[in-house]
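One structure below.
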Amino acid sequence: MTEDRRTHTCGDLRLADAGRDVLLMGWAASVRDHGGCVFINLRDRYGITQIKADQTVAPEAFSLATGIKMESVVRVHGRVADRGSNRNPNLATGEIEIEAAFLEVLNPAKPVPFTIVDDVDASEVTRLNYRYLDLRRPVLAKNLILRSKVARLTREFLDAQGFLEIETPILCNPTPEGARDFLVPSRVHPGDFYALPQSPQTYKQILMVAGFDRYYQIARCFRDEDLRADRQPEFTQIDMEVSFATPELMYELIEGMLATIWKGVFDLDLQRPFPRMPYSEAMEKYGCDKPDLRFGMPMVTITDVVAASGFKVFADVAARDGVVTALRVPDAESFSRKDLDGLTKVATDNGAKGLAWFKIGAEEWSGSAAKFLNPEEKQAIRDRTGAGVGDLLLVVADDAGPARQALGAVRLKVGDRLGLREAGKWSFLWVENFPMFEWDAGENRPVAVHHPFTSCVPEDLDLLETQPLKMRARAYDVILNGTELGGGSIRIHRRDVQARVFKALGLTEEAAKTKFGFLLEAFEYGAPPHGGIALGLDRLIMLLTGASSIRDVIAFPKTTSATDLMTASPSAVDPGQLRDLHLEISKSSK
RNA sequence: GGGGUGGUAGUUAAGUCGGUUAUAACGCCGGCCUGUCAAGCCGGAGGCCGCGGGUUCGAGUCCCGUCCACCCCGCCA
């Protein structure tokens, strides 16, 4: 061995390699000292290989091995040997071990704050402080390896479809709509600021005007909003834009891309095309715009059936144009009073004033308000919902929005409870025909449901100045198992239409010109019709890996207060730096 | 901004009604041990009970404030 290069990784060697001379390097994952011999589990990101150092065979290697501390970096030269009757079925390399001839500690490690194993017992604070140790854990490493594979599959697929990968600026202009921007002060222009992109939206539209008819980018995006288990201030999108696009073309492309990913990751053929559902149906049947269709159990509107009911709550809601909506659940008897109280809490937490429940018995109905319903009403409810003896009916009466949202949340809880939200089941869905705008009571104006560059269903355009809230957008979301994987739209490509939409959003002509003048002008120089979509890569990896936190699919994530525990960022800066940037920190904020 | 849960040895946790020297496991240190699989056995060291006040003869324990982490609501075109 003239060269100090490893011959194999710690996941490579098999029984067929027995007898070979090899050189391995890796981390000591465990050191088991038996007196006359020492076993070392040598780990790298490819796997674990057992090293054996025997006093009688290689005294020097043996004495070195006895002193090896966990997580030290070790170089081993030895021969691959059959483990015979002592094989370890839990390791891919478990049929063999390396009989060490020479051994060297390349870098000794201090005692580690936690043991590097998959079912780690350290708190997340400790793990994030020592992220480099946490990332040595095979489960976490596996997530990042999968992430890399998905990015590669994405690039290969899009490249084959004629897409160009084009980078767009990280230093952009602040945006008036949407999330809070991260700002970057300009040194050269005192008092002026860049913003980090919330998405490359306007740049990719400009690329369409420039003639790059198929663009994509695995793009980092930044939004200065509070964090969640599935939300980080910086995140990654698979961002695409296509000239001469139709929704059908976008569906085909995204379905093809996801099918390629699922084939590459699970060797699974996705069923295509994905089902589609109008927004209005999603809201009515599932109480949200991203229904989990791994199970059915749609909600059913029964307002008309109970409008004249003796149960005042139902009758009153019906009288004031509210909605009474019902969920039929099988096997009522498996739901205890405590379960039902729990579901009631889910309903009230989600904006409902309460949850009525009825257990349909052979003779009588039992439940909170059963005595207020007459036999005809009960029969009508059964006819409408299809409920039979032994079923449970959960009912919320309120204004349409809160009633459906609350019962939709109850539906998901019931799905969990009945084990209907199975891991490993993949239920894709396109939701389409979103409303173009919704009313923002705080701002006292309509705001774009998707974003201000979204076009509307052509026949709705004339409603823009009169009834904008009635307009349907040419927008689409791709949903997987109740999670929004991504969303997009066919864009506006005409200056006059874009100007009218800005106006409807309450943007003055002057503000529109200042913020988006370049886009409006570009539309006057031959902008092709175009559309696009962006998929959340972090969430996609979460779903593929089953990770419960977005932090487990990002190499260096932030805590819920947007700090990095390892590097202790953000941090104070030198006064000179502030001076360069023409900034002053106000006393009250510190 | 609001609600909830948690913070005790290097790590993970226990700690009763406020009362003796704050426990345990793993890790660490020393010793034994040639077929372990996060080896095992014997012995030992190791504490700002998150931080700051308060109540009390006495506080890990009760009260007030504060910091940090996680989950949720608001927010996230």
Side-chain angles (χ1 to χ4, degrees), chain A residues 28-43 48-57 62 65-66 69-71 81 83-91 93-94 97 99 110-130 133 137 175-181 198-199 201-202 221-233 235 345-346 348-351 405 409 434 436-438 440 442-443 446-454 473 475 484 487-489 501 505 507 534 536 548-549 551 558-563 565 568:
Chain A
S30 83
V31 181
R32 302 181 294 281
D33 185 346
H34 286 247
C37 90
V38 180
F39 295 104
I40 299 164
N41 278 1
L42 200 67
R43 184 198 60 236
I48 288 178
T49 299
Q50 175 165 292
I51 312 299
K52 183 190 178 193
D54 194 311
Q55 189 166 27
T56 59
V57 176
F62 167 79
T66 57
K69 304 299 172 193
M70 294 242 276
E71 297 305 323
R83 282 176 67 170
S85 58
N86 294 310
R87 292 176 186 171
N88 183 351
N90 300 319
L91 290 182
T93 63
E97 65 192 355
E99 284 176 344
K110 291 205 298 184
V112 283
F114 55 92
T115 314
I116 312 298
V117 287
D118 280 349
D119 49 345
V120 68
D121 66 352
S123 71
E124 200 160 4
V125 177
T126 311
R127 291 172 44 202
L128 288 171
N129 264 310
Y130 299 92
L133 297 180
R137 292 165 52 227
T175 44
E177 298 266 318
R180 191 177 296 114
D181 284 317
Q198 296 182 29
S199 84
Q201 183 61 35
T202 49
C221 303
F222 306 85
R223 295 177 191 175
D224 189 4
E225 298 292 348
D226 288 339
L227 292 86
R228 286 286 188 283
D230 62 350
R231 243 163 55 189
Q232 286 270 308
F235 59 99
K345 186 165 184 331
V346 171
T348 52
D349 283 353
N350 282 277
Q405 193 201 327
F434 281 80
M436 186 87 169
F437 305 106
E438 62 193 356
D440 186 321
E443 300 255 335
V447 293
V449 168
H450 188 55
H451 58 52
F453 314 105
T454 302
E484 182 191 327
S489 63
V501 169
L505 289 169
L507 214 60
S548 56
S549 166
R551 293 182 295 278
K558 304 248 184 317
T559 68
T560 48
S561 60
T563 64
L565 292 179

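In what follows, every chain begins at residue 1, and chains take the letters A, B, ... in the order their sequences are listed.
- The pair A:Glu225-A:Arg231 fails the salt-bridge criterion, with no side-chain N (NZ, NE, NH1 or NH2) lying under 4.0 Å from an Asp/Glu carboxylate O.
- With both ends at atom P, the span from B:rC63 to B:rU5 equals 13 Å, rounded to whole Å.
- If you measure from atom CG of A:Asp230 to atom P of B:rC70, you get 14 Å, rounded to the nearest angstrom.
- At whole-Å resolution of the value, CD1 in A:Ile116 and C1' in B:rU11 are 11 Å apart.
- Note on A:Arg228: every side-chain N or O is 4.0 Å or more away from OP1 and OP2 of B:rC70.
- Atom P of B:rG74 sits at a distance of 45 Å from the matching atom of B:rA38, rounded to the whole Å.
- Comment: A:Glu71 engages A:Arg43 in a salt bridge, judged by a side-chain N to carboxylate O separation of less than 4.0 angstrom.
- Position along RNA chain B of the nearest nucleotide to A:Ala229 versus A:Arg223 favours A:Ala229 as the more 5'-ward residue.
- Looking at heavy-atom distances under 4.0 Å, A:Val449 makes contact with sugar-phosphate atoms alone, never a base.
- Between the CG atom in A:Asp230 and the CD atom in A:Glu484 there is a gap of 10.5 Å [rounded to 0.5 Å].
- The side chain to side chain contact (heavy atoms under 4.5 Å, CB included) with A:Phe114 is formed by just one residue from the set A:Ile116, A:Val112, A:Val117; it is A:Ile116.
- Counting to the nearest Å, the P atom of B:rU12 and the CG atom of A:Asn129 are 11 Å from each other.
- Here B:rC75 presents its C1' atom at 7 Å from CZ of A:Arg231, a figure rounded to the nearest Å.
- Rounded to the nearest Å, the gap between the C1' atom of B:rU12 and that of B:rC17 is 28 Å.
- Atom pair A:Asp226:CG and B:rG1:P shows a separation of 9 Å (rounding to whole Å applied).
- A:Arg43 comes within contact range of no nucleotide atom at all, as no heavy-atom separation falls under 4.0 Å.
- To the nearest whole angstrom, the two P atoms, one in B:rU11 and one in B:rG7, are 14 Å apart.
- The side-chain heavy atoms of A:Asp54 and A:Glu99, taken from C-beta on, include no pair separated by under 4.5 Å.
- Within the 4.0 angstrom heavy-atom criterion, only backbone atoms of the sugar-phosphate kind lie near A:Pro113; the bases stay farther away.
- Note that OG1 of A:Thr454 and CE of A:Met436 are 6.0 Å apart. Values are rounded to the nearest 0.5 Å.
- A:Val125 comes within 4.0 angstrom of sugar-phosphate atoms only, judged by non-hydrogen atoms across all strands, and of no base.
- Distance noted for atom P between B:rU16 and B:rU56: 23 Å (whole Å).
- For the C1' atom pair drawn from B:rG65 and B:rG58, the interatomic distance equals 23 Å after rounding to whole Å.
- Among the protein residues, A:Ser123 comes within range of the sugar-phosphate backbone only, with heavy atoms under 4.0 Å from sugar or phosphate atoms but none that close to a base.
- Nucleotide B:rG10 holds its P atom 17 Å from the CG atom of A:Leu133, rounded to whole Å.
- Atom CG of A:Asn350 is separated from atom C1' of B:rG3 by 14 Å (rounded to the nearest Å).
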Quiz item: If pairs are Watson-Crick or G-U with both distances under 3.5 Å, what is the dot-bracket string of RNA chain B, marking crossing pairs with [ ] and pairs to another strand with |?
Solution: (((((((..((((.....[...)))).(((((.......))))).....(((((..]....))))))))))))....
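- Taking atom OH of A:Tyr130 as the reference point, atom P of B:rG27 lies 18 Å away to the nearest angstrom.
- Between the CG atom in A:Leu91 and the CZ atom in A:Arg83 there is a gap of 7.0 Å [rounded to 0.5 Å].
- B:rA45 and B:rG30 are spaced 10 Å apart, taking the C1' atom of each and rounding to whole Å.
- When heavy atoms are screened at a 4.0 angstrom cut-off, A:Thr560 is found touching base atoms of the nucleic acid.
- Nucleic acid contact class of A:Lys110 (heavy atoms, under 4.0 Å, all strands): none.
- Note that the CG atom of A:Asp181 and the OG1 atom of A:Thr175 stand 4.0 Å from one another [nearest 0.5 Å].
- At the phosphate of B:rC68, neither OP1 nor OP2 sits under 4.0 Å from any side-chain N or O atom of A:Ser561.
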Quiz prompt | Summary of protein contacts for nucleotides 31-38 of chain B, nucleotide by nucleotide, where a base hit scores B, a sugar-phosphate-only hit scores S (4.0 Å, heavy atoms) | solution = --BBBBBB
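- Side-chain atoms of A:Gln50 and A:Thr93, non-hydrogen and from C-beta on, never get closer than 4.5 Å to each other.
- The shortest side-chain heavy-atom distance between A:Ser489 and A:His451 falls under the 4.5 Å cut-off.
- Spacing of P atoms, B:rC68 relative to B:rG46, comes out at 33 Å, to the nearest Å.
- In this structure, the side-chain contact (heavy atoms from CB on, under 4.5 Å) partners of A:His34, at least two apart in sequence or on a different chain, are A:Arg32, A:Cys37, A:Phe39.
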